[in-house]
Amino acid sequence: QVQLVESGGGLVQAGGSLRLSCAASGRTGVTYAMGWFRQAPGKEREFVAAISWSVDNTYYADSVKGRFTISRDSAKNTVYLQMNSLKPEDTAVYYCAADSIHRPYIATMPYEYDYWGQGTQVTVSS
């Protein structure tokens with residue numbers, strides 16, 4: 001079992017920055033990859049970014065590429081999402097997720113992730 005807790009959300013102006021954190025606990029040794037998803041009101045949950053837990057392989061959604069950076073600190077069992085140049089359309093609840101299956105690729109679909117955090121709200125004002 002893996003427990004995930006997100007933090008770092010808040011209210012920022014367009015063009016501003018936030019850094020989200022996701023602290024993992026429990027059987028973290030089974031984690032292969034961790035990802036960030038977001039869900040805005042009335043919209044489907046969408047993939048944002050993911051990173052392999054063992055190597056620095058990353059993957060980003062086109063909508064955030066060049067603005068967001070995912071990183072990890074294995075010693076702290078924590079994954080981060082640095083969000084720069086934020087736009088109002090980035091407003092959503094952001095969820096951290098962990099994939100416990102060793103795949104030959106980084107998963108981007110919600111159903112491919114086994115563990116989820118409670119979410120943290122990010123609001124970008126114009």
Side-chain angles (χ1 to χ4, degrees):
Q1 190 72 32
V2 177
Q3 295 80 46
L4 305 174
V5 179
E6 303 99 331
S7 62
L11 174 64
V12 298
Q13 294 182 340
S17 299
L18 283 174
R19 189 180 74 160
L20 305 183
S21 298
C22 175
S25 61
R27 299 182 68 243
T28 56
V30 304
T31 298
Y32 173 70
M34 296 184 69
W36 288 96
F37 292 78
R38 66 187 183 186
Q39 188 166 21
K43 299 185 68 176
E44 299 284 339
R45 186 168 299 188
E46 66 173 344
F47 172 79
V48 176
I51 186 169
S52 168
W53 199 244
S54 59
V55 296
D56 291 328
N57 293 328
T58 60
Y59 190 78
Y60 298 91
D62 289 340
S63 60
V64 306
K65 193 173 299 181
R67 299 188 297 121
F68 291 10
T69 302
I70 188 170
S71 62
R72 59 176 171 83
D73 186 336
S74 59
K76 297 180 179 180
N77 291 320
T78 300
V79 64
Y80 305 95
L81 185 67
Q82 178 67 46
M83 305 185 295
N84 298 326
S85 301
L86 283 163
K87 305 174 182 179
E89 49 263 46
D90 294 318
T91 296
V93 176
Y94 283 70
Y95 297 91
C96 177
D99 182 5
S100 63
I101 298 176
H102 194 292
R103 308 176 191 272
Y105 59 92
I106 296 178
T108 60
M109 300 298 291
Y111 68 81
E112 295 179 296
Y113 286 81
D114 308 294
Y115 305 101
W116 294 84
Q118 81 288 347
T120 185
Q121 176 70 47
V122 172
T123 302
V124 184
S125 64
S126 59

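Given the structure is predicted, the values throughout are model-derived calculations rather than measurements. Residues take their numbers from the sequence shown, with the count starting at 1. Because only heavy atoms are used, hydrogens play no part in the values below, and waters and symmetry mates are left out as well, while side chains stay in.
Taken to the nearest 0.5 Å, the CE atom of M34 stands 8.0 Å off from the CD1 atom of I70. Rounding to the nearest 0.5 Å places CD of Q1 at 10.0 Å from CG of D114. One distance of note links CG of N77 with CD of Q3; it measures 11.5 Å at 0.5 Å rounding. Atom OG1 in T31 sits 12.0 Å away from atom CZ in R72 (nearest 0.5 Å). Going from atom OH of Y60 over to atom CZ of F47 covers 9.5 Å, rounded to the nearest 0.5 Å. Residue S100 holds its OG atom at 11.5 Å from CD of E112, rounded to the nearest 0.5 Å.
The minimum heavy-atom distance linking S17 with Q82 is given by the pair CB-NE2, 4.0 Å. Nearest heavy atoms, A50 versus Y113: CB-OH, 3.5 Å. Shown here for K76 and T78, the closest heavy-atom pair between the two residues is O-OG1, 2.9 Å. Summarising the geometry of T120 relative to G9, their closest heavy-atom pair is OG1-N, 3.2 Å, with the distance given to 0.1 Å. V93 and G119 make their closest contact through CG1-CA, 3.9 Å (heavy atoms, listed as atom of the first residue, atom of the second, distance). Summarising the geometry of P88 relative to S126, their closest heavy-atom pair is CG-CB, 4.0 Å, with the distance given to 0.1 Å.
Counting heavy-atom neighbours within 6.0 Å of E89 CD, excluding the residue itself, gives a total above 12. No more than 12 heavy atoms of other residues, nucleotides or ligands shown are found within 6.0 angstrom of CZ on R27.
I106 and V48 end up in different hydrophobic clusters when Ile, Leu, Val, Met, Phe, Trp and Tyr side chains are linked at under 4.5 Å. Under a hydrophobic-cluster definition in which Ile, Leu, Val, Met, Phe, Trp and Tyr are linked whenever side-chain heavy atoms come within less than 4.5 Å, directly or via other members, Y59 and I51 are assigned to different clusters. Taking hydrophobic clusters as Ile, Leu, Val, Met, Phe, Trp and Tyr residues chained together by side-chain heavy-atom distances below 4.5 Å, W36 shares a cluster with V12. Hydrophobic clustering keeps L18 apart from Y95 (ILVMFWY residues linked when any side-chain heavy atoms are closer than 4.5 Å, directly or through intermediates). A continuous path of ILVMFWY side-chain contacts below 4.5 Å connects Y94 to V2, so both sit in one hydrophobic cluster.
For the pair L20/E6, no side-chain contact is recorded, criterion being any heavy-atom separation below 4.5 Å from C-beta on. Side-chain contact between S63 and R38 is present, with heavy atoms from C-beta onward closer than 4.5 Å.
A cation-pi arrangement, defined by a distance under 6.0 Å to the six-membered ring centre and an angle within 45 degrees of its axis, is present between R19 and Y80.
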Under the side-chain contact (heavy atoms from CB on, under 4.5 Å) criterion, do D90 and M83 qualify, and how do the steps go? CA-CA 9 Å; D90 294 318; M83 305 185 295; over 6 Å; no
Please evaluate residues L81 and F68 with respect to the criterion side-chain contact (heavy atoms from CB on, under 4.5 Å), reporting the C-alpha separation (whole Å), side-chain torsions for both, the decisive distance (0.1 Å), and the verdict. CA-CA 7 Å; L81 185 67; F68 291 10; 4.2 Å; yes
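Between W116 and F37, the two ring planes are tilted [angle within 30° to 60°].
Under a 4.0 Å N-O distance rule, the pair K65/D62 qualifies as a salt bridge.
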